[in-house]
Amino acid sequence: MSATIIDGKVYSGALTAKVAEEVAALVRDHAIKPGLAVILVGEDPASQIYVRSKNEQSLAAGMHSVTYRLPAETTEAEVIDLVRQLNFDRAIHGVLVQLPLPAQISEKRVLEALDPDKDVDGLTVTNAGRLASGLPALTPCTPLGCMIMLREAVGALAGKRAVVVGRSVLVGRPMAQLLIGADCTVTVAHSKTRDLPGLCREAEILVAAIGRPQMIRGDWVRPGAAVIDVGINRVPFSDPVKAAAGKTKVVGDVAFKEASEVAGWITPVPGGVGLMTVACLLQNTVTAARRIHGLE
Ligand code: NDP
């Protein structure tokens, strides 16, 4: 194996520690305790785990943290009402609505109700527009985490050829904007892209945000490239005994073993990008608190 592993545990640990120091300084110097509110509607098991982790980690960083657990049959009007209350709650600086929402609730209308200054997931049209215009924005946590790891692991990014596979509002698009902001030359690929392997082989920075287990093979990777694997895919174990027992494991969008023999840097799954996402949520909440209080 030749690639340097970009260890999400190391980077997220460092970022969380930095956030905790920033929280302590805000409390000490300005009597401001950054506050995060998370709204969870329904019983989705993966969402339950994410939300618990967000709550625990924000409390551990010294922040104020509230989780609203609403039943699956909650109406759109009730969620929007809660969002509006939180927009005016002075103890809350960040509001996150855990996605996906149950079918009766429009994600778009809920996000429209959210104050962009408290949109710590960076999903409102206002924050997406600010990011695309190169203005200070609250940036979606996953691409923000990818960017922090890239800058710290790889160093200078200006002029590098970057390919982002995936164009979702949550990951692919903001990732491309952040790379443009770092002076990379960026191509965004998607399901209609022709000759994806050939395009990927041009990339000095390759970001995979597809949701297809191990789709990016080793021979798609340019030697020495930085490979950031955002994918989280649950697949059955190859061991037939474990598979028969219904056990699953998590893999990324990149065939890690093959790719790590060619790449210069690579993030593992699990243990890579996923860990940075919550740390960036905490960072965004501190950023929101500073801006709301005119400190930034
Ligand atoms: P989406 O399903 O919203 O987007 C997937 C993107 O991949 C789309 O743009 C789609 O293209 C593209 N795509 C799908 N199939 C192909 C293909 N065969 N060739 C090329 N492009 C393809 O997913 P997300 O962006 O929300 O998430 C992507 C992955 O990242 C998932 O595995 C998700 O679980 C994971 N994730 C991880 C996070 C973390 O914290 N680590 C956070 C968020 C997501 P098109 O637009 O044409 O349909």
Side-chain angles (χ1 to χ4, degrees), residues 5-12 15-16 38 44-54 57 96-101 107-108 111 120-123 128 131 138-150 162-179 186-203 206-217 219-221 227-235 248-256 259 266-284:
I5 305 294
I6 304 179
D7 185 344
K9 215 173 185 174
V10 171
Y11 288 91
S12 63
L15 181 56
T16 307
V38 177
D44 180 66
S47 295
Q48 305 257 10
I49 295 169
Y50 293 143
V51 165
R52 198 176 321 127
S53 163
K54 287 166 187 175
Q57 293 196 42
L96 182 146
V97 182
Q98 184 66 41
L99 303 177
L101 288 165
E107 212 172 283
K108 180 172 168 282
L111 286 173
V120 281
D121 237 356
L123 291 179
L131 180 64
L138 288 168
T139 306
C141 303
T142 300
L144 181 59
C146 295
M147 215 49 212
I148 293 171
M149 291 197 291
L150 270 174
V163 172
V164 179
V165 189
R167 56 175 164 181
S168 71
V169 169
L170 187 63
V171 190
R173 281 169 206 251
M175 187 71 227
Q177 295 296 349
L178 288 169
L179 288 163
V186 183
T187 305
V188 178
H190 46 76
S191 65
K192 306 290 185 294
T193 297
R194 272 176 274 160
D195 186 20
L196 186 60
L199 181 67
C200 291
R201 272 192 289 271
E202 292 175 18
L206 178 59
V207 181
I210 315 165
R212 300 268 183 274
Q214 300 176 323
M215 194 180 97
I216 308 253
R217 310 308 309 186
D219 62 358
W220 297 25
V221 175
V227 178
I228 304 291
D229 189 354
V230 181
I232 298 180
N233 308 289
R234 245 179 206 288
V235 296
T248 57
K249 61 177 176 176
V250 171
V251 298
D253 289 340
V254 177
F256 178 79
I266 190 165
T267 59
V269 177
V273 173
L275 296 173
M276 277 301 269
T277 299
V278 178
C280 287
L281 173 67
L282 306 186
Q283 176 71 81
N284 273 351

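Just so you know, ligand 1 is whichever comes first in the structure, and atom 1 is the first atom listed for that ligand. Since this is a predicted model, take the numbers as computed values, not measurements.
Side-chain contact between Leu131 and Leu178 is present, with at least one heavy-atom pair separated by less than 4.5 Å. In this structure, the side chains of Val165 and Leu206 come closer than 4.5 Å at one or more pairs of heavy atoms.
Of the listed options Met276, Met215, Arg212, Met215 places a heavy atom closest to atom 19 (N) of ligand 1. The heavy atom nearest to atom 6 (C) of ligand 1, considering only Ala209, Ser168, Gly211, is found in Ala209. Closest heavy-atom approach to atom 37 (C) of ligand 1 among the candidates Asp253, Val230, Leu99: Val230. Taking only non-hydrogen atoms, the option from Thr142, Ile232, Ile228 nearest to atom 33 (C) of ligand 1 is Ile232.
For atom 5 (C) of ligand 1, the closest non-hydrogen atom on the protein side is Ile210 O, 3.3 Å. Of the protein's heavy atoms, Arg167 N, 2.8 Å lies nearest to atom 9 (O) of ligand 1. At the top of the distance list for atom 44 (C) of ligand 1, counting protein heavy atoms only, stands Val171 CG2, 4.0 Å. Residue, atom and distance of the protein heavy atom nearest to atom 20 (C) of ligand 1 are His190 O, 3.1 Å. Protein heavy atom closest to atom 47 (O) of ligand 1, with residue, atom name and distance, is Ser191 OG, 2.5 Å.
Atoms CD and CE, from Gln177 and Met147 in turn, are 11.5 Å apart once rounded to the nearest 0.5 Å. Atom CE of Met149 sits about 8.5 Å away from atom CG of Leu275, to the nearest 0.5 Å. Rounded to the nearest 0.5 angstrom, Leu281 CG and Leu144 CG are separated by 10.5 Å. A distance of 9.0 Å separates CE of Met276 from CD of Gln283, quoted to the nearest 0.5 Å.
For ligand 1, the atoms closer than 4.0 angstrom to any heavy atom of Val273 are 41 (N). The ligand atoms of ligand 1 that sit less than 4.0 angstrom from a heavy atom of Gly166 are 6 (C), 7 (O), 9 (O). Atoms of ligand 1 lying under 4.0 Å from at least one heavy atom of Asn233, given by number and element, are 32 (O). Atom numbering of ligand 1 starts at 1 in the shown order; those under 4.0 Å from a heavy atom of Leu196 are 19 (N), 20 (C). Taking a cut-off of under 4.0 Å to the non-hydrogen atoms of Gly274, the atoms of ligand 1 that pass are 40 (O), 41 (N).
The shortest separation from a heavy atom of Gly172 to ligand 1 is not under 4.0 Å, leaving the residue out of contact.
In this view, Thr142 and Thr277 satisfy the side-chain hydrogen bond (donor to acceptor under 3.5 Å, both in side chains) rule, not counting sequence neighbours. Applying the salt bridge (Lys or Arg N to Asp or Glu O under 4.0 Å) test to Glu202 and every residue at least two apart in sequence or in another chain returns Arg161.
The residue Thr193 has no part lying near ligand 1, judged by heavy-atom distances below 4.0 Å.
Within 6.0 Å of OH on Tyr11 lie more than 12 heavy atoms contributed by other residues, nucleotides or ligands.
Of all heavy-atom pairs spanning Val251 and Val269, the tightest one is C-CG1, 3.6 Å.
Residue Thr277 has at least one nitrogen or oxygen atom sitting less than 3.5 Å from a nitrogen or oxygen atom of ligand 1, judged on distance alone.
Judged by distance alone, with hydrogens and angles left aside, the side-chain atoms of Thr267 form no donor-acceptor pair with the main-chain N or O of Ile228 at under 3.5 Å.
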